[in-house]
Each structure stands twice: as C-alpha cells, then as structure tokens.
Amino acid sequence: MASRLHAFNRFELKYLVPVEQAAEIRDELAERMERDPHSPVGGYGVWSLYYDTPQLRFYWEKIEGLKFRRKLRIRHYGDLDGVTDASPVCVEIKQRVNRVTQKRRITLPYGVARQLCDGRELVPHSAKERAFVEEVLELIVRLNLRPAAITGYQREALVGREADTGLRVTLDRRVRGRDRDFHFGTGTPENRFTVPPHLAVMEIKVNERTPYWITDLAARRNLNLVRVSKYVQSIEAFGLAPRSVFHIDEADYPPPLSHGQQSAQDAPMKAGAQ
C-alpha cells in the first residue's frame, strides 16, 4: 500500500484583518505570490473536528502556553454537501514545539477515519504509516479522547515564489463552529460565528523567517498580531470553558460603522459645534 502520510514544520504568525480590507490585501500579496493551485477564486471550505479529553486537556495546554502541546483533528477540505464515508479527509496531529508548528497527517476515507478515531480500531495502513496510525490510536485510547468541537471557514491561499519558496499566506473568513452534531454530513448543523464575521484571520506560514515586505504590509495596514486559535474560540464561544485572554471578542473589535450610522453619530457633535 502506498504511503499517504504527509509531514511539515513551520513558523506561524496570525493577524486579524477587517473583511472589507481582505480583498485588497489578497491582491497586494498576489503581486509577489502565486495563488495556491488548490485555492479557487473565492476560496474553499475547511472543516475540522477536534478531539480532546473530557477535561479539555489540549485546550488548557494552549491556554497555559506549554512549550510542547498537541491537538488531534479530522479535517475535510471543500463543501460539506454530499460528504459520505468514501470522502477523503485528513487525520492530523498538530503539535507545537517551542515556536515551531509541526503537522503530521494521513489521508483516509471518512468512514475509515471515523473507525480509527471514534471506533478506536486499527485501520489498514502501509509500513510507512504504521508509527503515525499507532500514535493516533494510542493517544485516543490513553487519553480517552472524544469529539469536542467543529470549526469551519472559507479560505483563500497564496504561496511564495522564487526567493520566498516555503512562504504560505492564508486568509480565513466566516469563521464558525459548533459543539454538537459532529458528523460532517449533518443535514442542518447549528453553526455560529466564533470570530466576529467582520473579521478575517490572516496566517503567515514560513519555513525560516518572515519576509520583510510581509511585516511591512501588516504595519502599513495596522493589522493586529494575535495569538488566536480557532479551536479555542469554539470552546469558549459555546461556554465549554471560561473566556481567556486569547479570546477574540466583538466588544474589543467592533464592526465598522455604516455611512448612515456615522452620520447619526456625528449629528449631535455637529449640532454642538454649531
């Protein structure tokens, strides 16, 4: 059996981007980068089912800033309409070692992935995949992992060219999630926004160092560097844990006023000035 295992290490920076600026930023990035060949115009859906312990161990490791921490998830790329047991998904371990993000994953049919993660059964694999599959199963059994939250968003992706090989920038909007109905094929899921809908999350992923022109772009546009986790946002948005210092709250990032709202708000000021 051919290996379906994939692994890579990266440094990551995350910024909050007002949605009305996202297209401009994407176009500016496109002057130096290429559109990811897997990213169509308008982007693509990314849906992740996160597993955690009954005590939310992985959540608390993130909050406490442990230098080594892991997360287990099943990820589906694309539209959820028509998801079946045959649909390809990734079973992924994402871990942080100091400042480096490491991802290891295997692509499986959805039914087989559920057999591994929910049924806690060893599934068919190649010799190269054995260590990873056994690690996933050991984590699930030893820590009693179970589904905790689903996150979803629309992603546009660009990749570096020439001197910036290894650079990848993603813009994620409509970040939402749910704390129930954990099957990707659920007909009428109760999703809600977990990041205010007027904000997008821009992630910069590099193998070594961030190009100067990227940090210059962020500074010129007054983008906020944040330590946001979409999984943490979902856990806190649904009241599964208290809101932490990392939580993106709309009160801290209010939506921009429309022209009519600005006129109404300015009216008393103008009257007073007169």
Side-chain angles (χ1 to χ4, degrees), residues 1-12 14 36 38-39 44-53 56-59 61-62 66 68-78 80 83 85-97 99-126 128-155 157 159 168 170 172 175 177-178 182-185 194 201 203 205 207 228-235:
M1 182 185 298
S3 176
R4 301 152 295 186
L5 188 64
H6 182 63
F8 50 87
N9 300 343
R10 282 188 178 133
F11 294 96
E12 293 184 353
K14 297 180 182 179
D36 187 312
H38 301 292
S39 180
Y44 56 95
V46 181
W47 294 90
S48 300
L49 170 59
Y50 286 88
Y51 288 76
D52 210 332
T53 70
L56 300 178
R57 170 176 172 163
F58 296 160
Y59 164 85
E61 287 179 351
K62 164 67 177 178
L66 266 62
F68 175 79
R69 55 184 186 267
R70 288 186 287 191
K71 287 186 287 195
L72 174 69
R73 64 192 180 196
I74 297 178
R75 172 165 281 189
H76 172 76
Y77 294 95
L80 290 183
V83 169
D85 282 350
S87 300
V89 299
C90 296
V91 176
E92 183 173 278
I93 292 177
K94 181 179 181 180
Q95 63 190 38
R96 181 95 167 191
V97 181
R99 294 180 57 245
V100 179
T101 299
Q102 301 176 338
K103 293 182 184 179
R104 292 170 294 134
R105 66 188 182 200
I106 184 174
T107 302
L108 297 171
Y110 184 35
V112 177
R114 293 177 62 214
Q115 183 183 351
L116 172 63
C117 297
D118 297 332
R120 303 183 177 190
E121 300 175 18
L122 194 64
V123 298
H125 57 272
S126 69
K128 289 183 178 180
E129 298 165 348
R130 172 176 290 277
F132 179 76
V133 171
E134 290 182 346
E135 181 183 356
V136 169
L137 190 57
E138 189 273 339
L139 267 178
I140 291 168
V141 173
R142 177 170 58 85
L143 298 179
N144 188 27
L145 301 184
R146 80 287 186 270
I150 280 182
T151 67
Y153 43 89
Q154 195 73 6
R155 165 167 285 181
V159 293
R168 178 176 170 84
T170 57
D172 300 334
V175 182
R178 61 182 186 263
F182 291 127
H183 193 290
F184 283 148
T194 54
V201 178
E203 297 186 16
K205 306 167 189 184
N207 292 342
V228 64
S229 160
K230 299 181 183 77
Y231 171 58
V232 166
Q233 284 290 124
S234 283
I235 290 295

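- One distance of note links CG of Leu122 with CD of Gln115; it measures 9.0 Å at 0.5 Å rounding.
- Distance CD1/Ile140 to CZ/Arg120: 7.0 Å, rounded to 0.5 Å.
- In summary, the side chains of Arg57 and Asn144 do not present any donor paired with an acceptor at a separation below 3.5 Å, with no hydrogens or angles considered.
- When all heavy atoms of Pro147 and Phe182 are compared, the pair lying nearest together is CB-CD1, 3.4 Å.
- Under the side chain to side chain contact (heavy atoms under 4.5 Å, CB included) rule, Ile106 has a single partner from Lys128, Glu129, Glu92, which is Glu129.
- Summarising the geometry, atom CG belonging to Leu145 is positioned 9.5 Å from atom CD belonging to Glu138; distances are rounded to the nearest 0.5 Å.
- Of all the heavy atoms in Lys14 and Ser229, the pair that sits closest is NZ-CA, 4.5 Å.
- Taking the charged nitrogens against the carboxylate oxygens, Asp172 and Lys230 do have a contact shorter than 4.0 Å, which makes a salt bridge.
- Under the rule for a side chain to side chain contact (heavy atoms under 4.5 Å, CB included), the partners of Gln95 that lie at least two apart in sequence or sit in another chain are Phe68, Arg70, Ile93, Val97, Gln102, Arg104.
- Under the 4.0 Å criterion applied to side-chain N and carboxylate O atoms, Glu61 and Arg69 are not assigned as salt-bridge partners.
- A side-chain N or O of Tyr51 and one of Asp118 form a donor-acceptor pair less than 3.5 Å apart.
- Note that CZ of Arg146 and SG of Cys117 are 14.0 Å apart. Values are rounded to the nearest 0.5 Å.
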Give the intermediate values and the outcome of side chain to side chain donor-acceptor pair (under 3.5 Å) for residues Tyr44 and Arg155.
CA-CA 5 Å; Tyr44 56 95; Arg155 165 167 285 181; 4.6 Å; no
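- Ion pair Glu203/Arg10 not flagged as a salt bridge, since none of the NZ, NE, NH1 or NH2 atoms sits closer than 4.0 Å to an Asp/Glu carboxylate oxygen.
- Under the 4.5 Å side-chain criterion, counting only non-hydrogen atoms from C-beta, Ser234 is not in contact with Ile150.
- Aromatic ring pairs are classed by plane angle as parallel below 30°, tilted from 30° to 60° and perpendicular above 60°; the pair Tyr59 and Tyr231 is perpendicular.
- The closest side-chain heavy-atom distance from Thr194 to Thr151 is not below 4.5 Å.
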Take Phe184 and Ile74 through the side-chain contact (heavy atoms from CB on, under 4.5 Å) test and state the conclusion after the steps.
CA-CA 10 Å; Phe184 283 148; Ile74 297 178; 3.9 Å; yes
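- Side-chain contact between Thr170 and Lys205 is present, with at least one heavy-atom pair separated by less than 4.5 Å.
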Val91/Val136 under side-chain contact (heavy atoms from CB on, under 4.5 Å): CA gap, chis, key distance, verdict:
CA-CA 9 Å; Val91 176; Val136 169; 4.2 Å; yes
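- Side-chain N or O atoms of Asp52 include one that pairs as donor or acceptor with a backbone N or O of Phe58 at under 3.5 Å.
- By the 4.5 Å heavy-atom criterion applied to side chains, Leu116 and Val133 are counted as neighbours.
- When side chains are defined from C-beta on, Tyr77 counts as touching Cys90, because their heavy atoms get closer than 4.5 Å.
- At least one side-chain heavy atom of Leu80 sits under 4.5 Å from a side-chain heavy atom of Val83.
- With Tyr110 as the aromatic partner, Arg114 meets the cation-pi criteria of under 6.0 angstrom to the ring centre and within 45 degrees of the ring axis.
- In this model, a donor atom of one side chain and an acceptor atom of the other lie less than 3.5 Å apart for Ser48 and Arg75.
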